Amino acid sequence: MKVLVPVKRVIDYNVKVRVKPDQTGVDLANVKMSMNPFDEISVEEAVRMKEAGTATEVVIVSIGPKQAQETIRTALAMGGDRGILINTDETVEPLAVAKILAKVIADESPDLVLLGKQAIDDDSNQTGQMLAALLDWPQGTFAYKIEKDGDALTVTREVDGGLQTVKLATPAIVTVDLRLNEPRYASLPNIMKAKKKPIDEKAPGDYGVDISPRLSVVKVTEPPVREAGEKVEDVATLVSKLKSAGAI
Ligand code: AMP
């Protein structure tokens with residue numbers, strides 16, 4: 001089974017984001033960038049499939065600036081086989097990402113595409129679903145467990161109130177949730193080996209996809225500042241404060 005894993009370069013999840021003074025977006029100047037955490041989980045899953053003998057090849061693809069090469073290298077150091085960078089400095093919305101991925105898929109013919117359930121920068125949670133619709137492929141979203149079942153895949157999904165198990169014919173799209181696995185850290189020897197793995201470079205234009213935005217961002221603002229808490233002497237004071245605040 002050939003597995004394609006799209007990975008996005010995003011602002012590192014440990015960074016406290018700062019909104020630009022003109023409220024047009026988030027300040028990315030001199031900010032640490034990393035692989036989208038959900039994509040680390042999908043890379044890990046693909047690599048585990050390879051180690052278990054269910055996956056034959058793991059291809060990593062990223063759409064983004066030149067530096068997204070580093071993100072691809074990280075995935076290659078975790079165990080991916082080769083990479084494809086679709087180089088652009090523009091912001092690419094989920095629909096355009098899905099359209100480009102559909103073209104990559106036409107070239108690569110993977111049996112499984114493993115995406116993150118969402119990118120932590122735009123929180124769209126759209127790309128996998130749009131890709132499944134564009135290709136008319138079955139999809140299993142929010143995967144908690146993925147098992148190969150003959151030519152099909154059994155995907156256990158995290159849903160409200162429990163777990164739902166679905167069976168998908170391949171080729172299929174699966175988006176991964178947080179509890180699927182714990183991604184590994186790449187070892188130094190594997191980081192060195194990854195430097196020699198091939199990364200093809202393309203541009204959105206090579207696939208004939210128009211990436212011009214369809215949405216306009218009205219404004220980006222900081223979340224409201226949380227009010228400071230207060231320590232009380234005893235339970236009686238707590239209860240009376242809660243009562244006077246109308247909380248109980
Ligand atoms: P989103 O729909 O933006 O929340 O992203 C969901 C998933 O789509 C991510 O976890 C990635 O697997 C994939 N994805 C989104 N944007 C990109 C990108 N620019 N390059 C590669 N994969 C992407």
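When a ligand or atom number is given, it counts from 1 through the structure's own listing order. As the structure is a computational prediction, the values presented were derived from the model and not from experiment.
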Please identify which atoms of ligand 1 are closer than 4.0 Å to at least one heavy atom of [X].
X      : result
Leu115 : 8 (O), 12 (O), 13 (C)
Asn125 : 1 (P), 2 (O), 4 (O)
Asp122 : 1 (P), 3 (O), 4 (O)
Asn36  : 9 (C), 10 (O)
Val7   : 20 (N), 21 (C), 22 (N)

- Message: Connecting only ILVMFWY residues whose side-chain heavy atoms lie within less than 4.5 Å of each other, what is the rest of Val225's hydrophobic cluster?
- Response: none
- Task: Could you list who else is in Leu115's hydrophobic cluster, with ILVMFWY side chains joined at under 4.5 Å, directly or through other members?
- Result: Leu4, Val59, Val61, Ile63, Ile84, Ile86, Val92, Val97, Ile100, Leu101, Val104, Ile105, Val113, Leu131, Leu135, Trp137, Ile173, Tyr207, Val209, Ile211
Specify the protein heavy atom at minimum distance from [atom]: its residue, its atom name, and the distance to 0.1 Å.
atom                    : result
atom 15 (C) of ligand 1 : Thr127 OG1, 3.7 Å
atom 16 (N) of ligand 1 : Lys8 CD, 3.4 Å
atom 14 (N) of ligand 1 : Val97 CG1, 4.1 Å

- Task: Keeping the roles fixed (side chain from Arg82, backbone from Leu76), state whether a donor-acceptor pair exists under 3.5 Å.
- Result: no
- Short N-O contact, Glu108 and Lys202, less than 4.0 angstrom: no
- Can a salt bridge be assigned to the pair Glu93 and Arg214 using a cut-off of 4.0 Å between side-chain N and carboxylate O? no
To which of [options] does the heavy atom nearest [atom] belong?
atom                    : options                    : result
atom 20 (N) of ligand 1 : Leu85, Ile60, Ile63, Val61 : Ile63
atom 22 (N) of ligand 1 : Pro6, Ala119, Ala98, Ser62 : Pro6
atom 7 (C) of ligand 1  : Ala68, Ser124, Gly116      : Gly116

- Query: Between Thr127, Asn125, Asp177, Thr141, which is the residue that forms a side chain to side chain donor-acceptor pair (under 3.5 Å) with Lys117?
  - Reply: Asp177
- Glu70/Met33 under side-chain contact (heavy atoms from CB on, under 4.5 Å): CA gap, chis, key distance, verdict: CA-CA 10 Å; Glu70 292 158 24; Met33 305 290 284; over 6 Å; no
- Message: If you apply the rule side-chain contact (heavy atoms from CB on, under 4.5 Å), what do you find for Gln23 with Thr221, and how did you get there?
- Response: CA-CA 6 Å; Gln23 299 193 325; Thr221 52; 3.5 Å; yes
- Atom CG of Asp107 with >12 non-hydrogen neighbours under 6.0 angstrom: yes
- So, is Asp39 polar-close to ligand 1, with some N/O to N/O distance under 3.5 Å? yes
- Item | Any N or O of Lys117 closer than 3.5 Å to N or O of ligand 1 | no
- Out of curiosity, is Val92 lining ligand 1, as in a heavy atom under 4.0 Å away? no
